[in-house]
Amino acid sequence: MSIPGKHGVFLPRLRQVMHNVGDGFVFLSAAAYWLLPTRLRARRGGIPIPEVIRQVDRFTVRIIPLLTVVLFFVGMILALQLATILQLLGVTEYVADIVGVSMVREMAPLLMGVVLSGFAGAAIAAELGSMKVSEELTAMESLSLQPGRYLIAPRLIAAAIAGPLITTYSIFVGILGSLLVCYLLLDIAPGQYLQRTLAAVDIDDVVLGLLKGLVFSLIVVVLACHDGVRTRGGALGVGRSTTAAVVKSIVGIIGADLLLTVLFFQIG
């Protein structure tokens with residue numbers, strides 16, 4: 001029995017990776033074209049504003065109940081875990097400092113991205129995948145209705161708007177959950193808690209958190225749209241695209257989180 005050489009396995013995988021990278025670049029270019037100012041485009045026409053508003057509603061109002069539950073409970077868990085350790089050191093009041101900084105810089109944008117990928121990313125991939133397998137996208141192209149203009153660009157704009165907004169909301173909800181635990185179980189007054197939080201959180205922390213929220217939301221929407229419009233194989237393919245979009249989004253969010261954290265660490 002012959003064993004294939006390493007090049008026989010490596011080269012096809014490399015070609016597939018290069019194909020996916022090139023395909024993703026073409027996809028992003030087609031969508032980004034409609035985000036350019038009208039005077040820089042050969043094709044006229046703007047982004048449909050009602051569709052942008054509908055997508056902003058999907059990324060903000062509809063996700064708020066789930067985001068509230070997740071961040072509120074995570075804030076409470078962080079406070080309880082930290083209190084167990086800090087009580088041994090006699091510095092329980094530092095719970096507010098640690099939770100505030102960690103929530104602004106890391107936990108709120110990261111959990112927002114994960115929730116967004118499972119809530120909106122999966123829905124976008126399934127929606128566009130269904131349109132692809134039913135040949136609705138082909139019909140749009142035959143009528144000169146570019147999917148990049150009417151489907152992809154509005155979602156990108158909505159993600160750029162909604163990302164920082166729901167990240168800010170996530171920060172407040174997470175801190176509120178921690179504050180409740182500190183008030184009920186640790187006898188820390190709400191005023192004292194908020195004062196310590198505001199003193200601990202720097203403007204650089206806020207900038208980093210909001211930037212992460214923006215980047216994470218764009219990653220979710222780009223990957224969901226890409227997998228959706230590349231769906232093949234009927235209803236089974238829609239399921240595969242939806243699963244792939246969520247998995248890729250979570251991995252992409254974690255990778256981008258690491259890169260942004262290292263970048264800000266190097267900047268100082």
Side-chain angles (χ1 to χ4, degrees), residues 9 11-35 43 45 47-48 50-60 62-63 66 112-163 166 214-256:
V9 177
L11 291 179
R13 292 181 179 177
L14 179 61
R15 283 195 295 268
Q16 183 63 35
V17 171
M18 297 302 295
H19 173 75
N20 292 337
V21 172
D23 187 55
F25 179 77
V26 172
F27 169 81
L28 285 177
S29 299
Y33 174 81
W34 294 102
L35 300 178
R43 298 179 181 180
I47 307 299
E51 180 64 16
V52 174
I53 296 174
R54 190 174 76 88
Q55 295 302 323
V56 170
D57 174 72
R58 165 187 275 180
F59 297 154
T60 54
R62 298 186 186 182
I63 202 175
L66 178 59
M112 180 279 300
V114 173
V115 172
L116 186 67
S117 66
F119 185 87
I124 291 173
E127 180 182 7
L128 297 181
S130 299
M131 296 178 68
K132 178 65 176 180
V133 299
S134 62
E135 299 185 353
E136 291 183 52
L137 298 182
T138 304
M140 290 182 63
E141 293 173 351
S142 66
L143 295 174
S144 298
L145 300 175
Q146 297 82 8
R149 173 185 176 186
Y150 291 96
L151 297 177
I152 311 302
R155 287 166 171 78
L156 293 176
I157 295 175
I161 296 173
I166 56 179
L214 171 63
V215 173
F216 296 169
S217 61
L218 288 175
I219 288 175
V220 170
V221 172
V222 167
L223 292 177
C225 290
H226 179 267
D227 285 338
V229 300
R230 297 296 184 267
T231 300
R232 299 288 188 275
L236 183 60
V238 174
R240 290 189 185 129
S241 297
T242 303
T243 302
V246 175
V247 173
K248 291 178 182 177
S249 296
I250 294 175
V251 174
I253 286 170
I254 294 175

Next on the checklist: Could you tell me if the side chain of Leu128 sits less than 4.5 Å from the side chain of Ile152, heavy atoms only?
Outcome noted: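 Yes. Closest side-chain heavy atoms under 4.5 Å.
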Checklist entry - Just wondering, do Leu151 and Leu137 contact through their side chains at under 4.5 Å, heavy atoms? => result yes
[X] versus [Y], closest heavy-atom pair with distance:
| X | Y | value |
| --- | --- | --- |
| Gln55 | Pro154 | CB-O, 4.3 Å |
| Ala159 | Val221 | CB-CG2, 3.5 Å |
| Cys225 | Arg155 | SG-CD, 3.8 Å |
| Leu218 | Ala160 | CD2-N, 4.1 Å |

Expected list for residues 117-126: side-chain donor-acceptor pairs under 3.5 angstrom, two or more places apart:
unit_1: Ser117; atom_1: OG; unit_2: Gly113; atom_2: O; d: 3.4
unit_1: Ser117; atom_1: OG; unit_2: Val114; atom_2: O; d: 2.6

Next on the checklist: Restricting to side chain to side chain donor-acceptor pair (under 3.5 Å), what partner residues turn up for Lys132, sequence neighbours left out?
Outcome noted: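 Here no residue qualifies.
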Next on the checklist: Please enumerate all residues that pass side chain to side chain donor-acceptor pair (under 3.5 Å) together with Arg240, with sequence neighbours excluded.
Outcome noted: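 Not a single residue meets the side chain to side chain donor-acceptor pair (under 3.5 Å) criterion with Arg240.
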Item to check | Intermediate values then yes/no, side chain to side chain contact (heavy atoms under 4.5 Å, CB included), Ser217 and Leu116 | outcome: CA-CA 7 Å; Ser217 61; Leu116 186 67; 3.8 Å; yes
Checklist entry - Sequence neighbours excluded, which residues qualify as salt bridge (Lys or Arg N to Asp or Glu O under 4.0 Å) partners of Arg54? => result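 Arg54: salt bridge (Lys or Arg N to Asp or Glu O under 4.0 Å) contacts with Glu51, Glu127.
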Checklist outcome for this item: For Ile157, the side-chain contact (heavy atoms from CB on, under 4.5 Å) test, sequence neighbours excluded, returns Leu35, Ile47, Val52, Ile161
Checklist entry - Tell me the side-chain hydrogen bond (donor to acceptor under 3.5 Å, both in side chains) pairs involving residues 241-251, sequence neighbours left out? => result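 Every side-chain hydrogen bond (donor to acceptor under 3.5 Å, both in side chains) pair that includes a residue of residues 241-251, provided the two are not neighbours, is Asp227-Lys248, Thr231-Ser241.
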Checklist entry - What distance separates Ile63 CD1 from Asp57 CG, expressed to the nearest 0.5 Å? => result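 Rounded to the nearest 0.5 Å, the CD1-CG separation comes to 11.5 Å.
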Item to check | Point-to-point distance, once rounded to the nearest 0.5 Å, from CD1 of Ile53 to CZ of Arg58 | outcome: 15.0 Å
